[in-house]
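Everything on this sheet refers to the single structure shown next.
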Amino acid sequence: MARKTGTKMPLATYVVHAKGANRVSYLSVEKISEAFDKASAPVVGSLCLIVREGDEELGSGEYLIGLAITRGVAGIASGTLRATLSPILRLGSPVELGALRDQGAVVPLPQHFYARRIDSPTASALLDLLSETDPSVGPWLDSVFREPRVFDDEVQQARVEARDAVQLAAQVADIPLPADAFSEPPSSADMETLLDTVLNAGYERDLEEELLPLDLQRFDGKLIANQRAASLTVFEDRTGRRKLLVMSVNKKPIEEELGVDLLYWDQVHDAFTFVQYKRLERAESSDGTHEWVYRRKGEIEKQLDLMPKGSEIPKKAADWRAFDTPFWFKFVRGDAGRKLDGQTLKGMYVPADWMRLAMTDSTFKVGPRGGFRVTYQNTKYLGRGPFAQLISRGFVGTAGARSEAFREVIATHGADRELIIAIKSDWQHDTEPEPEADSPDPSATTLPF
């Protein structure tokens, strides 16, 4: 597959004899950090051709094994810089440099710590050659160098939140995402075909209609084991063992009855965890600065009324949870969609049970004249890392009979409203531990005197 016409050429192209090349070859890492002599370092935004020496598996010689973008450069010592290379595209098959020379593409092999810049005609010819021999090269170059499609703020925010949900799932399941997992959809152009136009319009419309569309069809062939719908995806670990199901339930019976946007099913611990996203807005604070706040008290009350509050008494150690509730809120900044910079979406994961208590006292009465405000300063919350750990280690979510009951909901893709209502009603009440078979009647117990 040749490169698409119109794809911009990189700012500069370098050949890098990377120390971390083995990690690219054998671990498929998405990022490496390399040290360079200050006078021979790649510049930010440049394309790097990653090469390495052969070994027993590859054979003798030098090999081109992947492409990467220079994302950042910083000083680490006198005369030395460190460059971050990400994302990385690992070639389907390493290409021996001698074979490229035979086809007229001369790729030098610099020493470690030195990046060798190649001229634009040579780089263009080399990329065309690689695109013809490796079908992944052309689309990858197009995804990282083309002009991104521009959406309005509401749609951009939805895209950031969808990406955030996917990144959390990958972190919980310990699954590396592919380099092009969050590549921008193509921008409209004069050369855009009718099919491209229809697909792009449909993509944008889907984002407008759902807060968390989870555009997971991009992972097809990479991470998805069984994609039952565009909004329901199963992640697997490296061994192929099914580990985590992620489902967008916005504007579906599950959301309407339970008040959540997203659910995670950790199949290792058989635990369902439910998340409701809320957007913080910028507001003036009492000291004249600004802060990010949530002021819609009625909306929080509505969502809490939908979320069952009963707790389940565990009957075995595997069913013990650190939190009584499997329901959580995630508060995120409402301007996150304005900069899709690839960084983790910061926010607050707050358990529903804590929110219920805080709503009944003066915790959130911190606005002007005692107005309602949820802020970073007055909220007990977890960040992404601790929350992911709690899910992956079975500290949160449903357990026992409640997980068993909710599996029936998943079997119907969450469309059986009556079943959801029945489960919700059952979850409203605390469970009672069953009496042990031979336990004596407490009323008949005699005192030892």
Side-chain angles (χ1 to χ4, degrees), residues 1-3 9-43 46-71 73 76-77 79-141 144-145 176 178-180 221-222 238-239:
M1 171 186 278
R3 290 186 297 134
M9 283 295 295
L11 175 67
T13 302
Y14 293 84
V15 181
V16 175
H17 191 185
K19 285 281 189 178
N22 284 348
R23 297 173 59 230
V24 176
S25 291
Y26 301 119
L27 298 178
S28 299
V29 296
E30 300 297 329
K31 178 175 68 175
I32 58 175
S33 180
E34 291 284 320
F36 293 95
D37 178 84
K38 185 175 182 180
S40 301
V43 298
S46 62
L47 175 68
C48 291
L49 309 179
I50 302 175
V51 299
R52 54 165 290 204
E53 298 169 349
D55 55 18
E56 293 183 0
E57 182 174 331
L58 288 178
S60 59
E62 296 86 26
Y63 292 82
L64 173 61
I65 62 167
L67 311 177
I69 306 300
T70 308
R71 288 301 181 198
V73 178
I76 55 174
T80 307
L81 299 175
R82 182 170 294 280
T84 299
L85 307 183
S86 176
I88 298 173
L89 172 70
R90 188 183 68 168
L91 298 179
S93 298
V95 182
E96 207 270 320
L97 299 190
L100 290 175
R101 296 189 188 98
D102 293 342
Q103 299 182 62
V106 179
V107 179
L109 180 67
Q111 297 178 354
H112 288 302
F113 310 115
Y114 293 86
R116 179 79 63 84
R117 183 168 180 170
I118 57 178
D119 60 76
S120 294
T122 300
S124 181
L126 177 60
L127 294 178
D128 284 339
L129 179 60
L130 291 175
S131 298
E132 292 174 1
T133 57
D134 190 323
S136 67
V137 171
W140 185 83
L141 290 170
V144 296
F145 289 115
D180 62 348
K222 298 184 178 74
R238 295 180 181 87
T239 65

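Looking at L97 and E62, their side chains come closer than 4.5 Å, going by heavy atoms from C-beta outward. L47 places a side-chain heavy atom less than 4.5 Å from the side chain of L127. When side chains are defined from C-beta on, L89 does not count as touching D134, because their heavy atoms never get closer than 4.5 Å.
With hydrogens and angles ignored, the 3.5 Å screen pairs no side-chain donor or acceptor of R71 with any backbone N or O of T84. In this structure, S124 contributes its side chain and S120 its backbone to no donor-acceptor pair below 3.5 Å. Between the side chain of E96 and the main chain of A99, a donor-acceptor pair closer than 3.5 Å is present.
To the nearest 0.5 Å, atom CG of residue L81 and atom CZ of residue F113 are 13.0 Å apart. Annotation: the span from I69 atom CD1 to K31 atom NZ amounts to 15.0 Å, rounded to 0.5 Å.
Listed here is the closest heavy atom pair of H17 and Q111: CB-O, 4.1 Å. The minimum heavy-atom distance linking L64 with I50 is given by the pair CD1-O, 3.3 Å. Contact record, P94 with I65: CB-CG2, 4.1 Å, taken as the closest heavy-atom pair. Counting all heavy atoms, side chain and backbone alike, T70 lies closest to L85 at OG1-CD2, 3.8 Å. The shortest heavy-atom contact between L129 and L100 is CD2-CD2, 3.6 Å. The two residues Y114 and P110 come nearest to each other via the heavy atoms O-CB, 3.2 Å.
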- So T13 and L126, side chain to side chain contact (heavy atoms under 4.5 Å, CB included) or not? Walk me through it. CA-CA 11 Å; T13 302; L126 177 60; over 6 Å; no
- Task: Quick one: do L67 and L49 satisfy side chain to side chain contact (heavy atoms under 4.5 Å, CB included)? Show the steps, please.
- Result: CA-CA 5 Å; L67 311 177; L49 309 179; 3.2 Å; yes
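In this view, R90 and V24, S28 satisfy the side chain to side chain contact (heavy atoms under 4.5 Å, CB included) rule, not counting sequence neighbours. Applying the side chain to side chain donor-acceptor pair (under 3.5 Å) rule to R82 yields the partners S33; only residues at least two apart in sequence or on another chain are considered. By the side chain to side chain donor-acceptor pair (under 3.5 Å) test, T122 pairs with D119, sequence neighbours left out.
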Under 3.5 Å, sequence neighbours excluded: what are the donor-acceptor pairs made by side chains of residues 36-43?
from: D37; atom 1: OD2; to: A39; atom 2: N; distance (Å): 2.9

